[in-house]
Amino acid sequence: MIKKTILLTGANGEIGHTLLEELTYSGHSVVAIDLQPLSKEHEALCEEVIVGNILDEDVIRAAEKYDINEIYHLAALLSTSSERNPELGHRVNVEGTLNFLQLAYRVGKRIGEAVKFLFPSTIAVFGIPSLEDKIRIGKVKEDDCLMPMTMYGVNKLYNEHLGRYYSELYKRLSIEKETGYIDFRGVRFPGLISAFTVPTGGTSDYAPEMIHAAAQHKPYNCFVRPDAQIPFMAMPDGVRALTELAAAPAESLTRRIYNIGAFAPTASDIFDVVRVSFPDANIVFKPDVNRQAIIDSWPSDVDDSAARNDWGWEPKYDLERTFVEYLLPNITRLYSSYEL
Ligand code: AKB
């Protein structure tokens with residue numbers, strides 16, 4: 001294995017923790033960025049932790065001194081948070097990404113090789129006008145229904161184009177060769193479910209919130225209808241998707257952005273599985289009209305055949321395996337250690 005230097009933004013977030021562990025256990029050197037300091041255990045895994053805002057030039061400068069081979073740019077303001085503060089969402093999601101694309105370009109030029117830029121995009125880039133259409137359309141392909149209904153979806157779709165632009169077209173009118181310094185690749189994540197962290201500010205949060213509340217014997221008001229349906233994925237599969245896409249030979253890739261799927265339960269399917277493990281779970285469906293509308297605009301599932309064909313994507317966890325093998329053992333241990 002060749003040891004790489006990897007820059008990880010949003011290291012303290014939902015995906016960040018698991019990805020940091022995975023990258024460092026695989027022997028790579030990780031420079032982490034987050035608004036908040038990392039736990040002592042996570043900090044110990046890193047070459048350096050830069051605590052600060054991705055919009056701050058000092059933060060960019062501190063990261064740029066490293067000869068970075070790969071960037072996993074996870075820092076973002078999720079869909080509900082961006083909908084509550086669209087201008088802030090735009091600044092964090094678009095200006096933040098632009099900062100790191102420019103950093104990747106400068107580092108790539110300095111070290112003379114393309115910096116791989118791994119980008120977590122989202123099913124929020126899709127926008128379906130009505131529930132009838134959602135049912136009729138079923139699984140969406142990458143280029144279908146790209147009419148996002150949230151600031152977050154708009155930002156992420158634009159970032160996908162920025163990544164393509166910086167990889168293929170940036171400064172194309174200059175005399176010197178200026179492309180080839182960034183190799184941008186991304187997956188469109190469905191809702192992610194982690195045993196260790198509960199996301200903040202997303203709209204797919206009802207699934208992880210329901211599960212974590214039940215495991216802590218806390219009541220939970222689910223903010224979507226029982227029939228609400230979008231795709232979900234267990235965190236280990238999500239992290240593996242990013243690292244497998246990073247490792248894929250460039251010749252095998254036919255696109256820069258891929259759909260990835262795993263399972264597509266309704267909220268009531270999740271409720272049923274939760275109740276098997278936690279029969280006393282106190283979950284009530286109290287739909288919030290606005291958050292429900294966001295979920296209704298996202299597809300019920302994705303067609304991920306391009307990822308399967310090009311780089312062998314295959315989820316290991318369906319809903320049942322996510323519960324039985326990943327969530328239950330870890331979540332029970334997590335909350336029983338809190339009770340000690
Ligand atoms: C959100 O709900 O905003 C995210 C997403 C689906 O991208 N989890």
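Read the numbers this way: they start at 1 and go in the same order the structure lists the ligands and their atoms. Just so you know, residue 1 is the first one in the sequence shown, and it goes up from there.
- Residue contacts with ligand 1, taken as heavy atom pairs separated by less than 4.0 Å, do not involve A124 at all.
- Per-residue contacts place G202 under 4.0 angstrom from the following atoms of ligand 1 (heavy atoms of the residue considered): 1 (C), 2 (O), 3 (O).
- For D183 and R185, the salt-bridge test passes: some basic side-chain N is under 4.0 Å from an acidic carboxylate O.
- Using a 4.0 Å cut-off to heavy atoms of W298, the atoms of ligand 1 that qualify are 1 (C), 2 (O), 6 (C).
- A cation-pi arrangement is present between K156 and F119, with the terminal nitrogen or guanidinium carbon under 6.0 Å from the aromatic centre and inside a 45° cone about the axis.
- Numbered from 1 in the order shown, with element, the atoms of ligand 1 that lie under 4.0 Å from a heavy atom of S79 read 1 (C), 2 (O), 3 (O).
- Below 4.0 Å from some heavy atom of T122 lie the following atoms of ligand 1, by number and element: 5 (C), 6 (C), 7 (O).
- Under the 6.0 Å cut-off for aromatic ring centres, F232 and F189 do not qualify, their centroids lying 6.0 Å or more apart.
- Remark: aromatic rings of H217 and Y335 are distant, center separation not under 6.0 Å.
- Aromatic pair F285/F271: ring centres closer than 6.0 Å.
- Between R240 and D237 there is a salt bridge, since at least one side-chain N of the basic residue sits less than 4.0 Å from a carboxylate O of the acidic one.
- For atom 4 (C) of ligand 1, the nearest non-hydrogen atom of the protein is S204 OG, 3.9 Å.
- Residue-ligand proximity, T203 to ligand 1, at heavy-atom distances under 4.0 Å covers atoms 1 (C), 2 (O), 3 (O).
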